[in-house]
Chemist: 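Submitted below is the structure of interest, expressed as structure tokens.
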Amino acid sequence: MASVEVRNLVKRFDQNIAVNRVNLLVPDGTFQVFLGPSGCGKTTTLRCIAGLELPDEGQIFINGQDVTKWPPSARDIAMVFQQYAIYPHMTVGENLAFPLKAVRTPREVIRERVQETARKLHIERLLDRKPGKLSGGEMQRVAIGRAIVRRPKVFLMDEPLSNLDAKLRTEMRAEIKRLQTDLGATTIYVTHDQLEAMSMADRIAVMYGGIIQQNDTPANVYNHPANLFVAGFIGSPAMNFVPCSLSEDRKALILKGGIALGVQAEARLRFREVPTQRPLILGVRPEDILLRSDAPPDFEPVEVYLVEPLGAETIVDVSFGPHIFKVRVGPTFQAQIGQRLHMRIEQCRAHLFDAETTLCLTNSGRLES
Ligand code: ATP
């Protein structure tokens with residue numbers, strides 16, 4: 001297996017800059033995800049690593065070797081795409097054997113590797129079938145099998161599950177993660193699905209506008225977002241955002257509309273480096289707000305605006321002055337539209353962002369990964 005390094009990568013299409021000076025080190029054996037909205041440059045970065053696009057600037061290293069100008073076939077990588085690249089006229093077994101035959105592998109070795117790969121992907125019973133008689137999930141397993149059978153240094157996967165239905169995606173997600181762990185294979189995986197990214201990745205590079213906004217562990221990306229984009233992109237329902245400022249004495253957050261929230265004792269340390277009297281954005285995840293029907297000290301009066309029961313949890317939208325907060329509560333929590341409740345924002349888990357630079361100002365002292 002191998003490490004992959006991208007240095008100062010720039011790729012333009014006419015005037016459009018698709019990848020804007022990307023730097024990234026993927027250590028050997030890492031499951032690295034590129035996550036971001038459509039058009040953010042994920043696929044183009046992956047295609048440069050694969051050798052399918054020539055960068056305008058920058059270099060690609062595989063295992064320390066500069067492969068920037070090497071053709072894809074010389075890089076010892078395997079790609080799995082959204083469209084299953086399997087031959088319809090060959091059986092599953094022949095499809096799996098094909099990449100090995102192409103490099104003149106001895107027949108005995110081919111037989112062993114095909115069996116082993118089929119076993120890993122639970123498709124042994126399908127070896128004699130033609131792709132036309134396979135389900136979408138089975139076809140995707142064969143496509144993954146074709147990639148792993150050759151034991152390449154690096155796997156590159158571009159939205160490999162997006163043609164599958166939701167249930168199958170969840171199953172295959174777990175299987176790919178398990179397979180990657182078993183093989184110890186350096187893998188770069190492109191997706192716009194944050195659940196896929198959070199559940200599979202060792203590290204997630206969140207991309208936007210051709211730039212990596214943050215490259216970190218799933219836990220850090222969720223709990224310590226580097227900026228407003230990352231904070232808003234990860235998490236469902238999304239983080240609540242409210243424009244605000246910190247009073248000069250640091251004792252109150254003044255929300256837009258003039259509502260003052262006392263700074264809680266537990267949050268004083270967290271807010272200590274935040275500049276006062278500057279435009280800020282308060283960010284609070286729906287699970288970091290408590291709702292009660294009684295009125296303990298430190299709780300603010302709110303009114304229920306909407307209730308969305310989702311089975312395992314319920315999302316309650318509450319209005320607080322001109323602001324609406326989404327709050328995640330347990331499935332047994334009872335609330336009616338118009339009901340008066342009380343909420344407490346857990347400020348020790350909340351974030352403050354600079355409204356101009358969008359950078360998070362409350363990440364100092366976080367655990368480095
Ligand atoms: P998606 O999830 O929709 O595939 P992405 O994040 O993978 O999006 P890219 O496919 O890398 O994004 O595209 C980045 C930008 O480069 C987009 O603005 C896209 O329109 C542009 N682009 C990509 N490929 C080409 C091309 N061959 N010619 C012209 N523009 C391109």
Side-chain angles (χ1 to χ4, degrees), residues 4-26 30-60 62 67-69 71-72 75 77-85 136 140 143-144 147 154-166 168-170 172-173 176 186-201 203-216 218 221 225-236 238 358:
V4 175
E5 189 179 355
V6 176
R7 270 192 218 160
N8 283 322
L9 183 70
V10 176
K11 179 68 191 173
R12 295 183 198 89
F13 295 105
D14 304 322
Q15 301 305 318
N16 184 7
I17 183 148
V19 181
N20 192 355
R21 226 156 273 293
V22 159
N23 284 286
L24 178 77
L25 174 65
V26 183
T30 303
F31 198 122
Q32 171 78 55
V33 168
F34 291 167
L35 172 70
S38 186
C40 71
K42 320 178 281 293
T43 296
T44 307
T45 307
L46 193 80
R47 287 173 61 82
C48 288
I49 296 170
L52 299 170
E53 298 283 357
L54 192 63
D56 290 307
E57 291 175 43
Q59 293 158 293
I60 310 287
I62 296 182
V67 300
T68 316
K69 299 212 167 116
R75 297 186 184 201
I77 48 163
M79 289 198 72
V80 183
F81 297 98
Q82 180 177 349
Q83 306 300 341
Y84 329 112
Q140 194 51 288
I144 292 168
V154 179
F155 292 107
L156 304 179
M157 302 195 181
D158 192 353
E159 308 249 9
L161 305 184
S162 39
N163 279 352
L164 307 181
D165 64 49
L168 207 50
R169 278 178 84 122
T170 314
M172 285 297 288
R173 191 166 90 194
I176 292 179
T186 309
T187 302
I188 306 182
Y189 187 105
V190 163
T191 182
H192 61 267
D193 180 335
Q194 48 160 315
L195 265 183
E196 238 168 70
M198 291 294 288
S199 61
M200 296 170 98
R203 294 184 76 82
I204 304 177
V206 184
M207 293 188 72
Y208 182 60
I211 292 171
I212 293 184
Q213 306 287 326
Q214 184 170 4
N215 181 35
D216 218 325
V221 161
N227 58 32
L228 270 178
F229 177 79
V230 176
F233 191 75
I234 306 251
S236 178
T358 81

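We count ligands from 1, going down the list as the structure has it; atoms in each ligand are counted the same way.
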Chemist: Who are the salt bridge (Lys or Arg N to Asp or Glu O under 4.0 Å) partners of Arg75, not counting sequence neighbours?
Modeler: none
Chemist: Can you find a pair of side-chain heavy atoms, one from Leu52 and one from Met79, that are under 4.5 Å apart?
Modeler: yes
Chemist: Identify the protein atoms, limited to N or O, that lie within less than 3.5 Å of an N or O atom of ligand 1, and list each pair with its distance to 0.1 Å.
Modeler:
unit_1   : atom_1 : unit_2 : atom_2 : d
ligand 1 : 2 (O)  : Lys42  : NZ     : 3.0
ligand 1 : 3 (O)  : Ser38  : OG     : 2.6
ligand 1 : 6 (O)  : Gly39  : N      : 3.4
ligand 1 : 6 (O)  : Cys40  : N      : 3.0
ligand 1 : 6 (O)  : Gly41  : N      : 3.1
ligand 1 : 6 (O)  : Lys42  : N      : 3.2
ligand 1 : 6 (O)  : Lys42  : NZ     : 3.0
ligand 1 : 7 (O)  : Thr43  : N      : 2.9
ligand 1 : 7 (O)  : Thr43  : OG1    : 2.7
ligand 1 : 8 (O)  : Gly39  : N      : 2.7
ligand 1 : 11 (O) : Thr44  : N      : 2.9
ligand 1 : 11 (O) : Thr44  : OG1    : 2.5
ligand 1 : 12 (O) : Gly41  : N      : 3.3
ligand 1 : 18 (O) : Asn16  : ND2    : 3.1

Chemist: Is there a salt bridge (Lys or Arg N to Asp or Glu O under 4.0 Å) between Glu57 and Arg12 once you walk through the steps?
Modeler: CA-CA 9 Å; Glu57 291 175 43; Arg12 295 183 198 89; 3.1 Å; yes
Chemist: Do Asp158 and Thr43 get their side chains close enough for a donor-acceptor pair, meaning under 3.5 Å?
Modeler: yes
Chemist: If the condition is side chain to side chain donor-acceptor pair (under 3.5 Å), which residues does Thr170 pass it with, not counting sequence neighbours?
Modeler: none
Chemist: Report the residues that fulfil side chain to side chain donor-acceptor pair (under 3.5 Å) with Glu196, sequence neighbours left out, ordered by chain and then residue number.
Modeler: Arg169, Tyr189, Thr191
